Structure formats: structure tokens, C-alpha cells
Amino acid sequence: MSDFQVTINGIAVDVTSGMTILQAANKAGVKIPTLCYHDDLVPFGSCGLCIVKQEGSAKIIRACAAPVHEGLSVITHDPELFEVRKTILELILSTHPSSCLTCIRNGECELQDLAAEFGIREQPYEVRLNERAKDTSSASIVMEPEKCIKCGRCVQVCQDLQGVFALEFIGRGDMTEMAPAAMLTLEESPCVRCGQCVVHCPVGAIYEKDQIGEYLAAMNDPEKEIVVQIAPSIRVGLSESFGLPAGTVTTKKIYTALRRLGAKAVHDTNFGADLTIMEEANELVHRISTNGPLPQMTSCCPSWVDYVQKYYPDLMDHVSSAKSPMQMVGAIEKTFYAEKMKIDPEKMFTVAIMPCTAKKYETIRDEAMYSSGFQDVDLVLTTREFARLIKQMGIDFLALEEEEADSPIGEYSGAGTIFGATGGGVEAAIRTAYNVVTSNELESVDVEVVRGLEEVKKGEVDFDGTPVRVAVIHGLSHAKEIMDEIRAAKEAGDQAPYEFIEVMACRGGCIAGGGQPYGATDILRKERAAGLYSDDKAAAVRCSHQNESIQTLYAEFLEAPLSQKAHDLLHTTYQEIPVYKA
């Protein structure tokens with residue numbers, strides 16, 4: 001239903017109250033150029049590229065932030081607006097290095113695309129670059145200040161979407177910089193390495209630590225046995241890098257590509273997700289039955305764990321001690337699998353293809369990540385790095401035949417797959433926890449109450465007369481609401497408001513993680529999630545406890561969920577991390 005009409009370049013457009021001129025123009029099929037604007041963020045018109053003229057007025061309006069109103073008529077393109085926009089781009093380029101060929105964003109840069117669209121072939125202004133040094137202090141993210149165009153997206157994401165405040169505006173006017181507070185390094189700042197600044201930056205000013213070279217070195221080392229696992233959301237994320245529609249499942253082509261890339265064994269992190277559920281669900285039941293700290297919170301997202309350690313250390317005992325699926329797989333690969341396949345774990349080079357920049361740091365987070373006697377996961381490549389690697393090695397991904405993963409760490413349930421979407425961890429846990437509590441199976445394993453992109457989802461699941469209250473949060477800024485509620489109840493000595501809580505740092509969950517293809521919007525998030533849910537729906541086994549390879553692992557090696565051996569290999573502890581306060 002429309003509220004009224006506006007006119008865009010003479011075209012009548014039905015609009016609703018609250019829409020912006022930019023949105024109305026999009027509806028009319030008119031593209032207004034932007035750099036600072038992003039669908040996830042509140043527009044504030046910093047770049048000035050989206051200026052339009054209001055007919056009958058001398059006013060120049062920034063379309064991204066200006067709401068429509070009845071009787072509005074605007075001109076979005078004419079020679080004058082073209083020249084103004086071109087001048088703005090030329091001024092931005094005068095503070096940006098001309099190193100496109102060696103930039104990690106070459107071919108995927110919004111500034112580069114606009115410069116080409118506006119036919120900019122020379123630089124009429126004196127070049128003035130930011131002389132602040134490149135920041136490589138983080139194990140996950142690199143900052144190159146000289147490439148920053150001051151759009152402010154990274155600051156908005158870090159403060160408003162994530163609530164972390166690792167980045168801020170420093171200085172005024174032409175001297176404004178986007179940097180950690182007090183000009184600290186990223187590693188010294190409260191950064192939780194989620195990488196949302198990376199995927200929202202329109203240029204190459206912030207990007208993932210590129211480790212493709214380390215993979216290639218292992219490929220060419222005859223002493224290395226490369227073993228690779230892929231995360232749940234990779235199967236729907238990688239497709240976009242090869243021109244396929246968002247949400248297209250490419251799991252079996254990925255397995256083939258990895259073998260072409262020298263992998264001696266190809267595994268699936270979904271197996272680790274099933275293993276995590278076995279430990280996490282049993283841990284939840286144990287906490288409920290023994291009056292342990294409730295609610296229990298998920299521990300699969302390393303940025304979320306980092307956030308708790310920095311901002312809510314008094315609630316660390318509520319976080320599940322279960323490691324993430326990636327780390328569980330690494331530990332099992334270098335123990336159970338190495339023994340089974342008679343591979344020297346010292347020669348095994350374990351690689352994880354992940355949607356997440358924080359996973360790079362997680363591999364070295366603490367001594368628990370060396371539970372096999374070695375570094376459990378040696379290397380993490382993001383989805384973007386994996387796509388670049390495939391292309392560098394001349395592999396025609398779309399032409400690949402489909403192959404299976406290697407048993408037993410390649411077998412997984414549908415529950416393992418949906419881990420990649422917000423709410424998937426809770427849904428998977430419910431499917432198994434219900435069985436642990438009641439010895440029965442859920443009549444319907446589709447738990448709709450925890451699905452979707454609502455920022456905070458709350459619900460109740462009936463375990464044969466026992467209500468289990470759950471909450472699902474994605475985007476760390478929304479975690480504060482729940483954490484403060486839990487803290488208040490704890491301080492007052494009241495009953496916990498929930499039994500189980502899932503938190504993922506990134507909006508939409510891992511499907512839109514900091515290492516996924518650029519350009520994620522809620523439309524893309526829904527399409528990627530739909531791909532995972534369709535994969536779950538088609539799975540022969542949809543509950544983690546029904547995965548026969550998981551059952552075999554416990555029977556032959558781990559003994560039982562929460563056993564001492566499982567604790568030693570699959571669980572961890574947490575410590576407070578002091579946060580810089582200005």
C-alpha cells in the first residue's frame with residue numbers, strides 16, 4: 001500500500017511515509033550514486049554523491065537521508081549534478097592512492113567502479129595521502145589508513161551495529177580520521193575481530209589478513225599432509241564469487257576444488273557442528289538438572305566469546321565450555337583421524353575455510369586450541385580468500401564435477417548445516433536436547449520461532465511438559481539488552497529469564513560473516529539462509545545425535561558426551577580481557 005506519490009525525473013512513483021528519496025529513486029529504476037550509504041546503516045550523507053535537485057526550489061538535497069513528502073518532485077541527473085559528483089569523486093581520489101592493481105579490493109571496489117562510471121581518466125588535484133602506518137597488529141584484520149575515504153561506514157558498524165566501539169571519528173573537518181580510540185592499534189583496542197568493518201568498507205582501507213601464501217607453501221611442501229574442513233555457510237556463500245545466485249548450494253563442487261588444491265582429505269565443519277551439539281546439549285541438560293549457571297550461552301562465535309570476555313566477564317560462567325565446531329574438528333583430525341589413517345599429526349596441516357575473520361585469531365586464542373598436542377587448526381582462509389585461491393590456480397569452479405567428503409569427518413546432519421544462520425545453533429541444540437531429556441524425537445524438527453532476521457528472538461519450547469525458554473541474538477549491539485537482563489536477575493537473586501541463548505556477532509549469523517563475499521544486505525542474508533534450510537530439509541539425517549559417524553566417534557574414541565576425554569579435547573575455559581577505557 002502506498003501513502004502518496006512523488007515524482008522522480010518526471011516519473012510518478014508510489015511511496016510510503018518514511019521512505020527516502022534514494023529508495024524512491026530505486027523504486028523508479030533510477031540509480032543515484034552513493035559511497036557512504038549502506039542498507040544496514042542509518043544514512044548520514046557524508047560523501048555528498050547522492051545530491052539531487054528539488055524542482056521549484058534552490059535546495060540541493062542528499063537523497064540517502066532526505067525523506068519523501070507529498071508533492072515532492074526531484075531531478076536526480078543533469079549536467080550540473082554530473083559535474084558536481086565528478087568533482088567530489090576527483091577530490092576523494094586526491095586523498096586515495098592509485099594502487100588499484102595491487103589492492104585486495106581490485107575489481108570489487110565501490111570507488112573504483114564509480115571512477116570508471118564517471119569516466120575519470122586523470123587527477124586534476126594534488127594528491128594528499130594519510131601518512132599513518134598500516135596496522136597489522138591483529139591476527140585477523142589489516143588497516144591501511146592511506147586508503148580511507150572517510151565515509152564513516154566502519155565507525156557506524158562498529159558502534160551502532162556491533163556496540164564494540166573499537167573505531168571512532170578522531171579530529172574534525174579535513175583532519176578527520178577513522179581509527180581506534182586514542183590512536184591505539186587494532187590489537188590494543190576493544191576490537192572483537194568480527195570483520196563487519198571489512199565487509200562494510202567500500203574500498204580497501206580495512207581487509208582480512210591474507211594467508212593464501214601460507215596455503216600455497218603447504219601445497220608445495222612434500223612433508224605436509226593438507227586436511228581441509230569447510231564451514232556450514234561456505235556452501236551458500238562461495239557461489240556468489242562465481243556468478244551464481246545467492247543461496248546456491250555448492251558443497252560437492254567445493255570438495256572437488258579442495259582436492260584440486262592439494263587436500264589429502266576433505267572434511268566438513270558440519271560434522272563438528274553435530275559434535276558441538278552433542279556436547280552443548282548434554283551440557284545444557286546437566287546445568288538444568290544440577291542447578292548450574294543458567295542461561296547457558298553458545299560459544300561457537302569467537303567474536304561473541306571475545307565480547308563477553310571484554311564487556312561481561314562476570315557472566316563468563318554462562319558461556320558453554322564447548323569449543324567451536326571448527327576447533328573440535330581440528331582436534332579430532334590430529335588425534336582420532338590421524339591415528340585411524342596412520343598420519344603423523346606433526347605433518348598434518350589442518351586448514352579451515354570459514355566465513356569469519358575472527359576464526360583466524362581463534363586458532364591461537366589460548367592453550368585449549370592446542371589440545372591435540374599441536375596447533376589444532378593451522379590455517380584459516382575466509383570465503384573471499386578461498387575464491388581468490390580457486391581463481392589463482394586456474395580452476396573452473398562451475399565446470400567441476402561433484403564429489404563427496406572423506407569419511408568419517410565428512411558426514412553430517414541437517415542440524416549441522418543450519419549452524420550457519422542465526423537461530424540455527426539453538427534449533428540444532430533443541431532437536432538433540434529434546435532427545436536427551438525425553439528419549440524421544442521431536443515430532444517436527446523445524447523450530448520456526450528461532451528463525452528469521454528479527455534482532456532479538458525469544459521463545460519457549462515444550463520438552464514434554466518442561467518449558468525451555470530460549471533467546472536468539474545476532475549483531476552484538478543487541479546482546480547488551482539480554483546480557484544486562486541476565487546480570488540484573490543474577491544480582492537480584494531472581495530466576496534466570498532463559499535456559500539457553502544463542503548469540504552470533506554478525507547480522508544474519510555466519511552467512512553474513514566478516515569473511516563472506518562483499519555486498520550483504522538483508523535480501524542476500526535471507527537468500528543465503530534459505531539455501532542452508534533447503535539443504536537441511538533435503539538431508540536424510542536432520543538431528544546431530546542421529547549422525548552415525550558421531551555415534552562411532554563416541555563409541556571408538558570419546559566414550560560419551562562430557563567424558564574426561566571429550567572435556568580434554570572439545571572444551572575450553574575463558575578469562576577476562578581488560579578493555580582500554582579513554
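Start at 1 with the first residue, then count along the sequence. Bear in mind the structure is a predicted one, so any value in this text is a computation, not a measurement.
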> Does a salt bridge link R105 with E108, judged by any charged N lying under 4.0 Å from a carboxylate O?
no

> I'd like to know if the side chain of E460 reaches the main chain of P467, judged simply by a donor and an acceptor atom lying under 3.5 Å from each other, with no hydrogens or angles considered.
no

> Shortest non-hydrogen contact from P517 to G237?
CG-O, 3.2 Å

> Answer whether the closest heavy-atom distance between the side chains of L453 and H474 falls below 4.5 Å.
yes

> Is the side chain of T269 donor-acceptor paired with the backbone N or O of G272 at a distance under 3.5 Å, no angle test?
no

> Measure the spacing between CZ of R525 and CD1 of I523 and express it to the nearest 0.5 Å.
10.5 Å

> By side-chain contact (heavy atoms from CB on, under 4.5 Å), which residues pair with E385, not counting sequence neighbours?
E208, D210, Q211, I212, K360, L381, T382, R388

> Would you find a donor on one side and an acceptor on the other, under 3.5 Å apart, between the side chain of E491 and the backbone of A488?
no

> Which heavy-atom pair separates V319 from R287 by the least distance, and what is that distance?
O-NH2, 3.4 Å

> Could you tell me whether the side chain of D378 and the main chain of T350 form a donor-acceptor pair under 3.5 Å?
yes

> Please evaluate residues E177 and R132 with respect to the criterion salt bridge (charged side-chain N to carboxylate O under 4.0 Å, His left out), reporting the C-alpha separation (whole Å), side-chain torsions for both, the decisive distance (0.1 Å), and the verdict.
CA-CA 10 Å; E177 294 196 55; R132 209 166 96 230; 2.4 Å; yes

> Which residues pass the side-chain contact (heavy atoms from CB on, under 4.5 Å) test with H38, sequence neighbours left out?
D40, L41, R153, H200

> Restricting to non-hydrogen atoms, name the atom on Y370 and the atom on D366 that form the minimum distance, rounded to 0.1 Å.
CD1-O, 3.5 Å

> Pair V236, R528 - check side-chain contact (heavy atoms from CB on, under 4.5 Å), show working.
CA-CA 6 Å; V236 293; R528 291 173 184 176; 4.1 Å; yes

> So with a 6.0 Å cut-off around NZ of K480, is the heavy-atom count from everything else above 12?
no

> Heavy atoms, side chains only, cut-off 4.5 Å: are R365 and V305 in contact?
yes

> Would you say the side-chain atoms of H318 and Q296 include a donor-acceptor pair closer than 3.5 Å?
no

> Would you say S321's side chain and T572's backbone share a donor-acceptor pair under 3.5 angstrom?
no

> Side-chain donor-acceptor pair under 3.5 Å between E110 and Y518, yes or no?
no

> Got a sec, which pairs hit salt bridge (Lys or Arg N to Asp or Glu O under 4.0 Å) with one end in residues 319-329, sequence neighbours left out?
K323-D376

> State, yes or no, whether a side-chain contact exists between V450 and T422 at a heavy-atom distance under 4.5 Å.
no

> Short question: side chain of S239, backbone of A246 - any donor-acceptor pair under 3.5 Å?
no

> Between T417 and D536, do the side chains contain an N or O donor and an N or O acceptor separated by less than 3.5 Å?
no

> Please test E279 against T276 for side chain to side chain donor-acceptor pair (under 3.5 Å), starting from the C-alpha separation and ending with a verdict.
CA-CA 5 Å; E279 295 296 317; T276 298; over 6 Å; no

> Ignoring hydrogens, what is the shortest heavy-atom contact between Y307 and G163? Give both atom names and the distance.
CE1-O, 4.1 Å

> Only counting residues at least two apart or in another chain, list the ones meeting ring-ring contact (aromatic ring centres under 6.0 Å, His included) with F165.
none

> Taking C-beta and beyond as the side chain, do L524 and E240 meet within less than 4.5 Å on heavy atoms?
yes

> Does the side chain of N106 pick up a donor-acceptor pair with the side chain of Q112 at under 3.5 Å?
yes

> For the ring pair F397 and F242, is the centre-to-centre distance below 6.0 Å?
yes

> Side chains of Y498 and I482: does their closest heavy-atom pair fall under 4.5 Å?
yes

> Under 3.5 Å, is there a donor on one side chain and an acceptor on the other for N547 and E411?
no

> Less than 4.5 Å apart, side chain to side chain, heavy atoms only: is that true for F500 and P295?
no

> Is it true that D306 and K310 make a salt bridge, defined as a side-chain N closer than 4.0 Å to a carboxylate O?
yes

> For a side-chain contact (heavy atoms from CB on, under 4.5 Å) with Q229, tell me which candidate from V377, I409, V266 qualifies.
V377

> Evaluate side-chain contact (heavy atoms from CB on, under 4.5 Å) for D314 paired with K490, printing each intermediate quantity in order.
CA-CA 10 Å; D314 55 313; K490 195 171 184 177; over 6 Å; no

> Check the pair T298, E280 against side-chain contact (heavy atoms from CB on, under 4.5 Å), reporting the backbone distance first and the verdict last.
CA-CA 8 Å; T298 57; E280 201 171 57; 4.0 Å; yes

> Stepwise, does the side-chain contact (heavy atoms from CB on, under 4.5 Å) test hold for I486 with Y312?
CA-CA 11 Å; I486 295 165; Y312 291 91; over 6 Å; no

> What I want to find out is whether D446 reaches R542 closely enough, with some N-O distance under 4.0 Å, to be called a salt bridge.
yes

> Flag the pair L562 / H571 as yes when at least one side-chain heavy-atom distance between them is below 4.5 Å, and no otherwise.
yes

> Between S189 (side chain) and P180 (backbone), is there a donor-acceptor pair under 3.5 Å?
no

> Using modelled atom types only, decide if a donor and an acceptor are shared between the side chain of Q375 and the backbone of M369 within a distance under 3.5 Å.
no

> So, using ring-ring contact (aromatic ring centres under 6.0 Å, His included) as the criterion, who are the partners of F169 when residues are at least two apart?
none

> So, Q327 and S324: side-chain donor and acceptor under 3.5 Å apart, yes or no?
no

> Quick one: list whatever passes side-chain contact (heavy atoms from CB on, under 4.5 Å) with A505, sequence neighbours left out.
Q162, C194, C301, S303, L476

> Would you tell me whether Y255 and D268 have side-chain atoms, one donor and one acceptor, within less than 3.5 Å of each other?
yes

> Does Y311 use its side chain to pair, donor to acceptor, with the backbone of V164 at less than 3.5 Å?
yes

> Where does the angle between the aromatic ring planes of Y434 and F463 fall among parallel (under 30°), tilted (30 to 60°) and perpendicular (over 60°)?
perpendicular

> Write down the atom of A322, the atom of Y574, and the distance for their closest heavy-atom approach.
O-OH, 4.0 Å

> Using distance alone, with no hydrogens and no angle criterion, decide if T383 and Q516 have a side-chain donor and acceptor under 3.5 Å apart.
yes

> Should the pair R451 and Y533 be classed as cation-pi, given the thresholds of under 6.0 Å to the six-membered ring centre and 45° from the axis?
yes

> So, does K359 use its side chain to make a donor-acceptor pair with the main chain of P302 at under 3.5 Å?
no

> Taking the side chain as every heavy atom from C-beta outward, state whether I418 and R431 have any pair of such atoms under 4.5 Å apart.
yes

